[in-house]
Amino acid sequence: MGKKAIESVQQSIKPPIAQVGLIGWARTNLFNGWLNSLLTLVMLYILWQIIPSFVRWAFINSHWISTSEQCRDSAGACWSIIPANIRFITFGFFPHDQQLRPLVAMIILVVLLFYSQNRRHWKKSLGWAWMIGLFSMGLLMKGGLFGLASVESNEWGGLPLTLMLSVFGLTAAYPLGVILALGRQSKMRVVRLFCVVYIELIRGVPLISLLFMSSVVFPLFLPEGVTLNKIFRAQIAIILFTAAYVAEVVRGGLQGMSRGQFEAAESLGLNYYQTMRLIILPQALKMVIPPTVSVLISAFKDTSLVVIIALYDVLKTTQSVLSDPKWMGYSAEAYIFLGIVYFTCCFFMSNYSRRLERELYTGN
Amino acid sequence: MNDKADISVEDMASSDAIIEIINMHKWYGEFHVLQDINLVVRKKERIVICGPSGSGKSTLIRCINRLEEHQRGQIIVDGIELTNNLKNIEKIRAEVGMVFQHFNLFPHLTIVENLALGPIWVRKVPKKKAEETAMYYLEKVHIAEQAKKFPGQLSGGQQQRVAIARSLCMAPNVMLFDEPTSALDPEMIKEVLDVMIELAREGMTMIVVTHEMGFARSVAHRVLFMDEGKIVEENTPEEFFHHPVHDRTRLFLSQILQ
């Protein structure tokens, strides 16, 4: 018996059939022990009860493009509510003949977002592209120049409003949150106190109350004759609110940094700003990507709260369709559609964050 | 002992001081960590500081570039006194290289970026020039082939050599070493010590906190022994190892040289 013989024997032995394949998988994951077997059977029964009837409702008996009358006669889902009202759901009260404009604005925004995903594209030219993009989006929405009819901002609504509130809200809240987190760690007492008070105050109240303040209380303090746009005020409230949460997440990252990193940076002669910008923040922010994205995702969903100050974001426009007598009663379909819209956005965010984490991984 | 020929006795008398510590005290709260420290380090001089843990030796060298603040007395580095003046502190830190026990490389930057960072941002050297300098020093610590890797991909000994090269890129006048080999696996200690010995040969002013007595013997001009926040004994390596004066020194040596 040489070494070769032993090797060939080892190669020819396969794992026992009960441990691999479908049977093996089911055994280890579904039927290991009587309790788990019982739970599996109960779950299977429940799924068997739910899924076929859902499939029948959603796909087999359903209507996709029809009038509301046709829907009334069938037992299935009436998805027709979406295509029939898609323009109102998407654009709200934006003048009907002008709705190409918000559509183009949204496309610009989405294209810019997608292009900015790749970190290799982060150059000066991208900054200019955003400037031009933002300007043309503003122009498209507001009009009044270059022969575009002027549209008052109280007619804005639907998906563009949701996207605008969240994209600008999140991009402004993130740096503000970082600054607040740094301020909370500052050696200067006044700065630290201000940041702590700010963060605790904002976190201590619900977003709804901030939105109310911005729309009802805040105008009382403005000098007479001065008015601030309602969307703008809501936007500020969202930024201030989200920043406080981002600040606390970032603070966690800063506290997780080892003393040695500060010392190494300082011993090279880097000053405070260089130390933070070059050494500490890149590492601390990377460390807290997962919780930061959680905060940003929930902030994105929270923009739907602007309904309470009568802004018509995409949730509100969908709800308004449901109050149309023709489409009353199809709320399940409408909300499932909305859920898919929100989910798509959130899924992209969390996907992107995972990609960033992977790209930034440096073997530590 | 040939290594030490580069600095003769007359030389030492005539060459001027680069670090002066005069009646320096430091407290951590109520705890008196450093008590009445007096030390003059001349240019090109190499000093090894040893002593039991908690004796204040790390704290002492960390005071020299103000990673720790002293409360009484004076520390003068290269003619500049260390006070609360931030500009002066940054200036001194740029002139004084520091190597840490745990390397403290920047894990999010590649090796060559780690090295070029200081020159680019503190000395305002153009990026290309800084990277050339970085490569020169990486050659010097025999690790140029790792330039594009991240610190996390290197062994401890390699990381510490990178850390030494990073300090050298700033062209410091003095190098401080805070237990540079204590966090290393035994087989990696030599590669780091070798780099330090080369550095000594080139005439770098060095203050080294270490328990590597072989290194002290072959490289140091003076050995300082610290205990309970005081410099207890100070002598040439020959005298220090063969004729220690104080009981505590003897006890320490007997423990460490076993």
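As the structure is a prediction and not an experimental result, all values here were calculated from the model. Quick note: numbers below take in every heavy atom, side chains included, and nothing from hydrogens, waters or symmetry partners.
- In this structure, CE in B:Met98 is found 11.5 Å from CG in A:Leu268, a value given to the nearest 0.5 Å.
- Looking at A:Arg277, only its side chain comes within 4.5 Å of chain B, counting heavy atoms on both sides.
- Taking the charged nitrogens against the carboxylate oxygens, B:Arg66 and A:Glu266 have no contact shorter than 4.0 Å, which rules out a salt bridge.
- For B:Leu105, the part sitting under 4.5 Å from any heavy atom of chain A is the backbone (N, CA, C, O) and nothing else.
- Enclosure of atom OH in B:Tyr28 by more than 12 non-hydrogen atoms of other residues, nucleotides or ligands within 6.0 angstrom is indicated.
- Only the side chain of B:Phe100 comes within contact range of chain A, with heavy atoms under 4.5 Å apart.
- Distance check: A:Ser267 OG to B:Arg62 CZ gives 9.5 Å after rounding to the nearest 0.5 Å.
- Put simply, CH2 on B:Trp121 and CG on A:Leu270 are 9.5 Å apart, with the number rounded to the nearest 0.5 Å.
- Taking a 6.0 Å sphere around NZ of A:Lys124, one finds it holds 12 or fewer heavy atoms contributed by other residues, nucleotides or ligands.
- At a 4.5 Å heavy-atom cutoff, the contact between B:His108 and chain A is made by backbone and side-chain atoms alike.
- Counting only distance, with no hydrogens or angles, the side chain of B:Asn104 and the backbone of A:Gly260 share a donor-acceptor pair below 3.5 Å.
- Contact tally against chain A (heavy-atom pairs below 4.5 Å) for B:Val96, B:Leu117, B:Asn65: the top residue is B:Leu117.
- Few gaps surround CZ on A:Arg259; more than 12 heavy atoms of other groups in view lie less than 6.0 Å from it.
- More than 12 heavy atoms of other residues, nucleotides or ligands shown are found within 6.0 angstrom of NZ on A:Lys286.
- The local environment of CZ in A:Phe194 is sparse, with at most 12 non-hydrogen atoms from other residues, nucleotides or ligands closer than 6.0 Å.
- Per-residue heavy-atom pair counts under 4.5 Å with chain B were compared for A:Ser258, A:Pro282, A:Ala264, and the maximum is reached by A:Ala264.
- For the atom pair CD (A:Glu263) and CZ (B:Arg93), the distance works out to 9.0 Å, reported to the nearest 0.5 Å.
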